[in-house]
Amino acid sequence: MAQHANRQTEGGGILYVVATPIGNPDDISARAIRTLAEVSLIACEDTRRTGQLLARHQIGTPTVSHFEHNEDRRVPELVERLKAGEKIALVTDAGTPAISDPGFRLVRAALEANLRVVAIPGASAVIAALSIAGIPTDRFTFEGFIPTRDAARAKALEDLRREPRTIVFYEAARRVADTLAAMATAFGESRDAAVVCEITKTYERTIRGTLGELEQRFRATPALGEIVIVVAGASDEASRNADAGSVAIDLREVLEVLREAGLGLKQASAVIAKLTGIARREVYQNALKSRDDQSSDD
């Protein structure tokens, strides 16, 4: 298999992947400012938004749009200019290009053309949120935005149910409560998590708690702004419970035993959830259905 080295071809240009602020405009490095001023062109997600950043730092470098819906056309154009010897900077609206933002296709195309690609590191919402979430950071996985449709979202989260590493998600403010509810169903309401809102901005706040608590919080008070959700990984015990939860059990029989012991339906559901690792809400809904089915049989 052919391998592409990150080396500059003779006479070739350089693609600089430049991180820009995710909120606070002062979160930009001196190296990033110098690079943006020295390149011949800046490829940006939104020329107006990048224009504001450039104006703040008195940078007059020309810009060209480069976003998800024009990448197929724009990438070949930019690669040709790089081959001709130009130095081009790639930026997005906020943060590091190619991290849940446009940029990957251009970076790959430049590398495949044996052009030099240089990182100008800086702000990243993933790392910033992890650093203040109070959840283990030694190992983590970044999932970006999960599907918005209920079935696809449930499937994506179910696939992560046994993931032992901390999991980081991006989410739109209007969907936070629903997403937390889906996470509580998939991971269990007691799983620790943190919701980081408006990171680096004036009203930045980090709200910690269990998934169940956080869902109630954001159901009562909707989120605003940019959101990062950090969820603790599954413990060894949770993984074992998840395996146990996949084993078929006779729910009616278990409920009957627990009810005979004097537990109410909610209490019995909580016990089953604890034993199997299945979300309490899911157990309770199944218990209601089982009870109704049993009543109709009678």
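In this text the structure is predicted, and so the values were computed from the model without any measurement. Below, all heavy atoms of this structure are taken into account, side chains as well, without hydrogens, waters or symmetry copies. The chain is numbered in sequence order, starting from 1.
- Contacts of A129 classified as side chain to side chain contact (heavy atoms under 4.5 Å, CB included), with partners at least two apart in sequence or in another chain: V196, I199, V228, V230.
- Under the side chain to side chain contact (heavy atoms under 4.5 Å, CB included) criterion, I207 pairs with R205, L214, R217, F218, sequence neighbours left out.
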Applying side-chain contact (heavy atoms from CB on, under 4.5 Å), run through V79 and L115 and close with a yes or a no. CA-CA 9 Å; V79 169; L115 293 160; 4.2 Å; yes
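- Residues passing the salt bridge (charged side-chain N to carboxylate O under 4.0 Å, His left out) test with E80, sequence neighbours excluded: K83.
- A heavy-atom distance below 4.5 Å is not found between the side chains of R153 and R149.
- If you take CG on L54 and SG on C44, they are separated by 7.5 Å, rounding to the nearest 0.5 Å.
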Yes or no on side-chain contact (heavy atoms from CB on, under 4.5 Å) for F140 and I167, after CA distance, side-chain angles and deciding distance? CA-CA 6 Å; F140 67 91; I167 316 170; over 6 Å; no
Please output the side-chain donor-acceptor pairs of residues 173-180 that fall under 3.5 Å, not counting sequence neighbours, one pair per line with the distance.
{"residue": "R175", "atom": "NE", "partner": "E171", "partner atom": "OE1", "Å": "3.1"}
{"residue": "R175", "atom": "NH2", "partner": "E171", "partner atom": "OE1", "Å": "3.1"}
{"residue": "D178", "atom": "OD1", "partner": "R219", "partner atom": "NH1", "Å": "2.8"}
{"residue": "D178", "atom": "OD1", "partner": "R219", "partner atom": "NH2", "Å": "3.4"}
{"residue": "T179", "atom": "OG1", "partner": "E171", "partner atom": "OE2", "Å": "2.7"}
{"residue": "T179", "atom": "OG1", "partner": "R175", "partner atom": "O", "Å": "3.0"}

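- Interatomic distance, CG of L78 versus CD of E86, reported as 9.0 Å (0.5 Å rounding).
- For V117 against L111, the heavy-atom pair with the smallest separation is CG2-CD2, 3.7 Å.
- Cluster membership for L160 and I229, using ILVMFWY side-chain heavy atoms within less than 4.5 angstrom, is shared.
- In terms of heavy atoms, R191 sits closest to A234 at NH1-N, 3.5 Å.
- Rounded to the nearest 0.5 angstrom, L36 CG and T61 OG1 are separated by 7.0 Å.
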Assess whether side-chain contact (heavy atoms from CB on, under 4.5 Å) is satisfied between T141 and V168, documenting all intermediate values. CA-CA 6 Å; T141 179; V168 186; over 6 Å; no
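- Residues K87 and I14 form a side-chain contact, since some pair of their non-hydrogen atoms from C-beta on lies under 4.5 Å apart.
- Between the Q267 side chain and the G264 main chain, a donor and an acceptor come within less than 3.5 Å of each other.
- Once rounded to the nearest 0.5 Å, the distance linking CD1 of I33 with CD1 of I28 reads 5.0 Å.
- For R74, the side chain to side chain donor-acceptor pair (under 3.5 Å) criterion is met by S65, E77, not counting sequence neighbours.
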Would I120 and V17 count as a side-chain contact (heavy atoms from CB on, under 4.5 Å) if you check the C-alpha gap in whole Å, the side-chain angles of each, and the deciding distance to 0.1 Å? CA-CA 6 Å; I120 309 296; V17 181; over 6 Å; no
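- Taking 4.5 Å as the limit, every side-chain heavy atom of T47 sits out of range of all side-chain heavy atoms of V64.
- Linking Ile, Leu, Val, Met, Phe, Trp and Tyr residues whenever their side-chain heavy atoms come within less than 4.5 Å places F187 and I227 in a single cluster.
- The minimum heavy-atom distance linking A110 with L15 is given by the pair CB-CD2, 4.1 Å.
- Between V126 and F142, the shortest heavy-atom contact is CG2-CE1, 3.4 Å.
- Residues passing the side chain to side chain donor-acceptor pair (under 3.5 Å) test with K201: none are found, sequence neighbours excluded.
- Residues R73 and N70 have side chains in contact (heavy-atom distance under 4.5 Å, counting atoms from C-beta outward).
- In this structure, the side chain of E163 engages the main chain of R165 through a donor-acceptor pair within 3.5 Å.
- Here S131 pairs with nothing under the side chain to side chain donor-acceptor pair (under 3.5 Å) rule; sequence neighbours left out.
- Between K155 and E158 there is no salt bridge, since no side-chain nitrogen of the basic residue lies less than 4.0 Å from a carboxylate oxygen of the acidic one.
- Among residues two or more places apart in sequence or in another chain, the salt bridge (charged side-chain N to carboxylate O under 4.0 Å, His left out) test is passed with R48 by D46.
- Going from atom CG of L157 over to atom OG1 of T185 covers 9.0 Å, rounded to the nearest 0.5 Å.
- The neighbour count for E45 CD, taken as heavy atoms of other residues, nucleotides or ligands under 6.0 Å away, is above 12.
- The ring pair (Phe, Tyr, Trp, His ring centres under 6.0 Å) search around F145 returns Y170, not counting sequence neighbours.
- Atoms NE2 and CD1, from H66 and I88 in turn, are 10.0 Å apart once rounded to the nearest 0.5 Å.
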I'd like a table of donor-acceptor pairs (distance under 3.5 Å, sequence neighbours excluded) in which one partner is a side-chain atom from residues 95-103, with atom names and distances.
{"residue": "T96", "atom": "OG1", "partner": "A123", "partner atom": "O", "Å": "3.0"}

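- Considering every non-hydrogen atom in both A19 and G122, the closest pair reads CB-N, 3.4 Å.
- Minimum heavy-atom separation, A232 to I135: CA-CG2, 3.8 Å.
- With sequence neighbours left out, E71 forms a salt bridge (charged side-chain N to carboxylate O under 4.0 Å, His left out) with R105.
- The same ILVMFWY cluster, assembled from side-chain heavy atoms under 4.5 Å apart, contains both L53 and V18.
- Side-chain contact between D192 and T210: present, with at least one pair of heavy atoms (C-beta onward) separated by less than 4.5 Å.
- Among residue pairs with one or both ends in residues 14-32, those qualifying as side chain to side chain donor-acceptor pair (under 3.5 Å) are D26-R56; sequence neighbours excluded.
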